[in-house]
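Every chain is numbered from 1 and lettered A, B, ... according to where its sequence line falls, protein lines coming before strand lines.
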Amino acid sequence: MKPSGIGGRFRRITHRLGGAPDGDAGDIWKAIQLARHAERPYPLDYIQRLMPDFEELHGDRLRGDDHAIVAGIGRYHGQPVVVIGQQKGRDAEERVFRNFAMSGPGGYRKAMRVMALADKLGAPVITLIDTPGAFAGAEAEINGQGGAIATSMQTMMRLNVPTIAVVIGEGSSGGALALGIADRVVMLENSTYSVISPEGAAAILWRDAAKAQLAATAFKPTAANCYRWGVADAVVPEPEGGAHTDHDAAARLLDGYLSRTLRTLEAIPPGERRLQRRERFRRIGAHRELPTGGTAIVVGVDDGQSGRS
Amino acid sequence: MKPSGIGGRFRRITHRLGGAPDGDAGDIWKAIQLARHAERPYPLDYIQRLMPDFEELHGDRLRGDDHAIVAGIGRYHGQPVVVIGQQKGRDAEERVFRNFAMSGPGGYRKAMRVMALADKLGAPVITLIDTPGAFAGAEAEINGQGGAIATSMQTMMRLNVPTIAVVIGEGSSGGALALGIADRVVMLENSTYSVISPEGAAAILWRDAAKAQLAATAFKPTAANCYRWGVADAVVPEPEGGAHTDHDAAARLLDGYLSRTLRTLEAIPPGERRLQRRERFRRIGAHRELPTGGTAIVVGVDDGQSGRS
Amino acid sequence: MARRQIQVSIDRLRGHRDTPTPRAQKLPSDDRACPKCSSHYRSEEMRRNLNVCPACGHHFAVGGRERLQQLSDDGVYDELWTELRAADPLRFVDLQPYPKRVEAAEAKGASEALVCADARIGGRPCVIAVMDFAFLGGSMGSVVGEKFARACERAAERRVPFITVTASGGARMQEGVLALMQMAKTIVGFEALADAGVPSIVVLAHPTTGGVWASFSSIGDVTYAEPGALIAFSGPRVIEQTTREKLPDDFGMAERQLENGHVDAVVDRRQLAGRLARLMGILELPEAPPGSLALQLAQNGTERAARVAQALPHLSRRLRDRISRGDHPGGEGGRP
Amino acid sequence: MARRQIQVSIDRLRGHRDTPTPRAQKLPSDDRACPKCSSHYRSEEMRRNLNVCPACGHHFAVGGRERLQQLSDDGVYDELWTELRAADPLRFVDLQPYPKRVEAAEAKGASEALVCADARIGGRPCVIAVMDFAFLGGSMGSVVGEKFARACERAAERRVPFITVTASGGARMQEGVLALMQMAKTIVGFEALADAGVPSIVVLAHPTTGGVWASFSSIGDVTYAEPGALIAFSGPRVIEQTTREKLPDDFGMAERQLENGHVDAVVDRRQLAGRLARLMGILELPEAPPGSLALQLAQNGTERAARVAQALPHLSRRLRDRISRGDHPGGEGGRP
Ligand SMILES: [Zn+2]
Ligand SMILES: [Zn+2]
């Protein structure tokens, strides 16, 4: 392949990444609509199916209880497991109550407080991600929205227990990633994971909020693409037509993945598991290398195999 | 000695505790007045004398910066040391700014945040205690004054670095104890350490705020008594007439104790040091034991030696 | 887990069980009046309803042993360390000498402001420590601190949950700075639980204030509160005196503290035992100690190690097929 | 510590040093106008004042290499990893293709939005990572994440402080979810520092927003901010659009964030190098590695063990004498 210098043409890194991203705008837009479907199962829908004995915990132990995030501990396959999820509302009233699953710093701090409990008890942590982003508000800023997200990531990076993050709907921006640092990050078949919500992207990049569909598809945020990029470790299938068509079946499919993966993770010593988790996030990204010699080097998301050509 | 049953007479435990508490009301009141002397050195007075290179840190990383507590890191005898102190104001304006050294939850959370830095860097922690108590206000309660004090104690109990708490003035109530969990707890010669401020005690126990002097002396909160009770590990002398007469000399005397003690503590492996710290607080207290046989047993503050009689 | 009958004579304990609360004592007869709805009830009737007003749900105070009886299966529990009694290290005298106060409190039947016991709730063994507001306002002195620490250590050793029900005005003034230090001692007790990975469940009853709220009771793993319980470091009166603030009537109440983020749930006393049993069921550690599962699966250690170093498989074209089969690259653990 | 001359040719780097900020580029001449006080200055004059308005103290933007030069002793630093360049994993196109944007940014001289270097400040070695707002708004993509993590790892290995100066609009949209993941990568970098006990010092320049504020830049060990810098997760315009709130002019400004508890100090750029040097002096670990002091004092191990088990000495009557001598029971460590 032709070497590229500064300002030279970009090499295609798609082969290295396991194929070009799926770019069909129609398919992507469909996934985005399914990920946000009003009847899609939310964390409490999964929780009640996966663990009928579940104790929801409330409060950040600082100054409030953020309803955009539900957190608690339940009995799952014979052991206590902590679940933390971003909860959208099912009807108009609940949507306001849940603030459309856009939490403030208190939500992440509630999550961290429950993570600490998981670490104390040795209970695995499962996060269920479904948010258009962290809340944008003056009070949230004063209370340290940035620091809350960063500290949540740091806390998850340090947990001694097995952790799985599942993107169940739309995972947008740092508000999603705050709960997304885990030993395994997986996505439901029709979920999306993106740096920003379509509406936010349209306003910022196209300077036109009406360009949401265009913006959404530009990010190609489907599960299959995220898998290719190394952002998702696995894609969990949904019932035919999408998770909203059959909550029970969706929960069963997720259950299969979670229970198998928890067994796998529990077999790894905690210290090693923590290092692997770190290494996982240390690797993700795509850049070119430009040695002084002028030869282009491509480094993909995973440098365990040769990335030089 | 005569065994005592339920409702029987209390045995004197003073011998066990190294002598009866000094009960002279005049002496006690004098110590209380010296501990609260308006010219007494405050944390920043000691800090500027002990460590001219000191970086004050601000903020709890949550929502504010409580000026009743000063915290930072300074160079002390060739190593970084974290200092956290309760700071009264020197004049009327500063007293209001410092809220009379009565901090809210944010003050303790600022302290904890700086303690975490100490643990990361391996820097010893020195706390300087001087407060009439934690602030009593509605906002402080909503923000979890109770939990902040408890968590601060827990954090100090867990620190891996050497820690010394110094009562430099008046140490009253949980507001003082929040910074008082350390490998060594020491008191300046004229400082006091009590469960409540004299004014608070008068209002509660005598139902008469004017009875402050009576209440103050009833608690016998002098350094010598606290030493007898095992609450203080050492008493650090002050200049003749009290610390307020010569801040430089007071700082030199404290410096001698701190530098020697840090060397001693640093020689103990962190895990052992933490266990000793726990054991120290596990022991403190005075109670009777009443076996079924009816023989009274006195257990003092320290059961390393025989306490049975 | 098989239900084991606890071998303990509780005859002597039962004698103490019905210690009436201070409020009830003020009534001349066996009657109680509800301060919220003014209904009158016989003590026996009230007790059967767990000291909750049958008309309006107002939660009356409950004595330490009465609470243990309410929570324990069949009312059977095994009280611990009744031999620990208050001393008078300060020779403290306020309006009366401290020993006189202790004698008067002991004469009502309780031995101290904290009652500890081995018990079972819903068949699950636990260690319970209950504060008794009737004993010197549930104040925390050296005996409370010592018993509390022992109870934590006992739960940690036996690996059974630790449950505590609070009701306290705070530190016991009459023991001075030694009472203050008991706050730290309760933190030491909780450290033993943390080391053992044993859960702490805190139930906040009315009132939980001062040094008790500022120590163990605010840092439980799970925190329930009884309806209407006052939960505060500084009580409303102290705050109003200090800051001249006018506080709302429900200031510091359990329901507000739930909103403030300091409580996980407000639980009606009549549901409390059931909730605790259910919670213990959730929190129970798997029968096998941690690591045994690891051993069991250690056989695939080499496979695992290979996966850790493994690069992203070049499987893109087969991805969709595999998704539809639920059979993802990387096997059961997904991609390494 | 002896001052070591860094062996590095900076001729090539100097060529890039004067990258003008976007604002300055809009001016036709070599002049700059202060948006706060309207004073006009020549670029050279402004640069000598570290891009701070000499009249009113307004802090102008500073390019990455310019910042390195400002902070490093004698303006000498050793830039790292210039060979890392942006890729286009999404084949992203908004109003123009992402590669075109990168080309245009690179053409101005900078290689990416983060510039890393070995340097000395006040004689103390450190690793510095500076964001360059002129390069695609200082946005954080894969190259920024990779360089950042490497810089942290390098500081951890060499046990020298890590200093970062931020100026960023957040994640680089054009790299999609891979840009989002760089937030996590910076946390991994900080974990390396935490493991090594190496301090992280964050300097927040205008603006520090979005994913940069929501990752490493909000969790430094010590956090300085430049006067007037906007520090926020969501910027004021987004908030006003979302919530219809009318925000004060100084919303999210460094001075407010100091009050809000998120910043340790607001530091004028002209004092910054001095402050950093002083701070590194405080934080410097003792020459001897941890434990050597322990070894040195291990000789009194038996004495110490005895003291640990030792009970409170019965020394009350001698206490006062000893206090006055400064010679307390328990020796240098006080009571065990
Ligand atoms: Zn009623
Ligand atoms: Zn100006």
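With a threshold of 4.5 angstrom between heavy atoms, Ser215(D) approaches chain A through its backbone and through its side chain. Both the backbone and the side chain of Leu84(D) come within contact range of chain A, each with at least one heavy atom under 4.5 Å from a heavy atom of that chain. Of the two parts of Leu90(D), the backbone and the side chain both hold a non-hydrogen atom closer than 4.5 Å to a non-hydrogen atom of chain A. Glu153(D) touches chain A through its side chain: at least one heavy atom from C-beta onward sits under 4.5 Å away, while N, CA, C and O do not. Interface residue Glu191(D): backbone and side-chain heavy atoms are both found under 4.5 Å from chain A. Proximity to chain D involves both the backbone and the side chain of Ile142(A), based on heavy atoms less than 4.5 angstrom apart. Contact of Arg150(D) with chain A is made through backbone and side chain together, with heavy-atom distances under 4.5 Å. Heavy atoms closer than 4.5 Å to chain A are found in the backbone of Ala192(D), but not in its side chain. Heavy atoms of Arg277(A) lying under 4.5 Å from chain D are absent altogether. Only the side chain of Ile181(A) comes within contact range of chain D, with at least one heavy atom under 4.5 Å from a heavy atom of that chain.
Between chain D and the options Ser194(A), Gly171(A), Cys226(A), Pro221(A), heavy-atom pairs under 4.5 Å are most frequent for Ser194(A). Counting heavy-atom pairs closer than 4.5 Å to chain A, the top-ranked of the candidates Asn260(D), Thr186(D), Val177(D) is Val177(D). Counting heavy-atom pairs closer than 4.5 Å to chain A, the top residue among Gly141(D), Pro236(D), Ser234(D) is Ser234(D). With chain D as the partner, the residue from Met153(A), Gln154(A), Gln145(A), Arg282(A) showing the most heavy-atom pairs under 4.5 Å is Arg282(A). Here Ala138(A) is the residue among Ala138(A), Gly144(A), Ala218(A) with the most heavy-atom pairs under 4.5 Å with chain D. Per-residue counts of heavy-atom pairs under 4.5 Å with chain D were compared for Ala150(A), Gly174(A), Gly146(A); the largest is that of Gly146(A). Here Gly147(A) is the residue among Gly147(A), Ala215(A), Ser152(A) with the most heavy-atom pairs under 4.5 Å with chain D.
Taking the six-membered ring for Trp and thresholds of 30 and 60 degrees, Phe219(A) and Phe92(D) have ring planes inclined between 30 and 60 degrees apart.
Glu170(A) and Thr192(A) share no side-chain donor-acceptor pair at under 3.5 Å. If you check the side chains of Thr166(D) and Thr208(D), you find a donor sitting under 3.5 Å from an acceptor.
Residues Ser168(D) and Ser139(D) share a closest heavy-atom pair of OG-CA, 4.0 Å.
Between Arg65(D) and Glu79(D) a salt bridge is recorded (basic side-chain N to carboxylate O distance below 4.0 Å). With respect to the salt-bridge test (charged N to carboxylate O, under 4.0 angstrom), the residues Asp27(A) and Lys220(A) do not qualify. A salt bridge does not link Asp119(A) with Arg158(A): every distance from a Lys NZ or Arg NE/NH1/NH2 to an Asp or Glu carboxylate oxygen is 4.0 Å or more.
Judged by distance alone, the side chain of Glu141(A) and the main-chain N or O of Gly137(A) form no donor-acceptor pair under 3.5 Å. A donor-acceptor pair under 3.5 Å is formed between the side chain of Gln182(D) and the backbone N or O of Ile284(A).
Paired with Thr163(A) under the rule side-chain contact (heavy atoms from CB on, under 4.5 Å), one option of Leu179(A), Thr127(A), Val125(A) passes, and it is Val125(A).
With ring centers used as reference points, Phe216(D) lies 6.0 Å or more from Phe162(D).
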